Amino acid sequence: RVSYIEQFTELSSDTHKWVFRADWDTWVVNAVIMEITQRDTNKRGQFALSKLLFDRADAQIRKSSGRAGPGYVVPTRVGGEWV
């Protein structure tokens, strides 16, 4: 069986704009490193360093996002209707 996509849609192109928080790349890279090295007893030092860098980047991202953690939504009325 041969399958194909009739119309290909690009995930990114010149017209798309990607906006990330500061230190997002450090967060992603160190999250991957921690996943790879967490069970390897020879890489405990690398895991500890990645955890430190990850935590710093995570704190910076949370600080710049305006919320310290998971939030909740409180419905408010505007003009007599719930929004």
Side-chain angles (χ1 to χ4, degrees):
R1 177 177 171 176
V2 176
S3 300
Y4 66 95
I5 300 173
E6 293 181 16
Q7 181 180 359
F8 179 75
T9 304
E10 290 188 55
L11 294 177
S12 64
S13 70
D14 295 346
T15 60
H16 291 130
K17 184 176 182 179
W18 296 85
V19 179
F20 295 100
R21 302 276 185 204
D23 294 327
W24 70 271
D25 52 345
T26 303
W27 189 92
V28 170
V29 168
N30 285 293
V32 171
I33 291 172
M34 288 186 329
E35 283 294 320
I36 294 170
T37 60
Q38 69 182 344
R39 293 189 184 122
D40 191 346
T41 57
N42 295 337
K43 299 292 182 183
R44 287 186 180 155
Q46 181 62 53
F47 178 83
L49 177 60
S50 294
K51 176 78 170 128
L52 176 69
L53 295 173
F54 176 86
D55 289 341
R56 285 183 186 168
D58 191 56
Q60 182 64 29
I61 290 168
R62 288 180 185 274
K63 180 181 175 185
S64 67
S65 69
R67 290 195 326 195
Y72 57 91
V73 176
V74 178
T76 57
R77 280 190 157 176
V78 176
E81 297 183 21
W82 289 100
V83 291

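Because the structure is predicted, anything quoted here is derived from the model rather than measured.
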In Å and rounded to the nearest 0.5 Å, what is the [atom1] to [atom2] distance from [X] to [Y]?
| X | Y | atom1 | atom2 | value |
| --- | --- | --- | --- | --- |
| W27 | R62 | CH2 | CZ | 9.0 Å |
| S50 | E35 | OG | CD | 11.5 Å |
| K63 | I61 | NZ | CD1 | 13.0 Å |
| I36 | M34 | CD1 | CE | 11.5 Å |

Report the residues that fulfil side-chain hydrogen bond (donor to acceptor under 3.5 Å, both in side chains) with K51, sequence neighbours left out, ordered by chain and then residue number.
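Listed in chain order: D55.
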So, does N30 use its side chain to make a donor-acceptor pair with the main chain of T26 at under 3.5 Å?
->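 Flag set: sc N30 to bb T26 pair under 3.5 Å.
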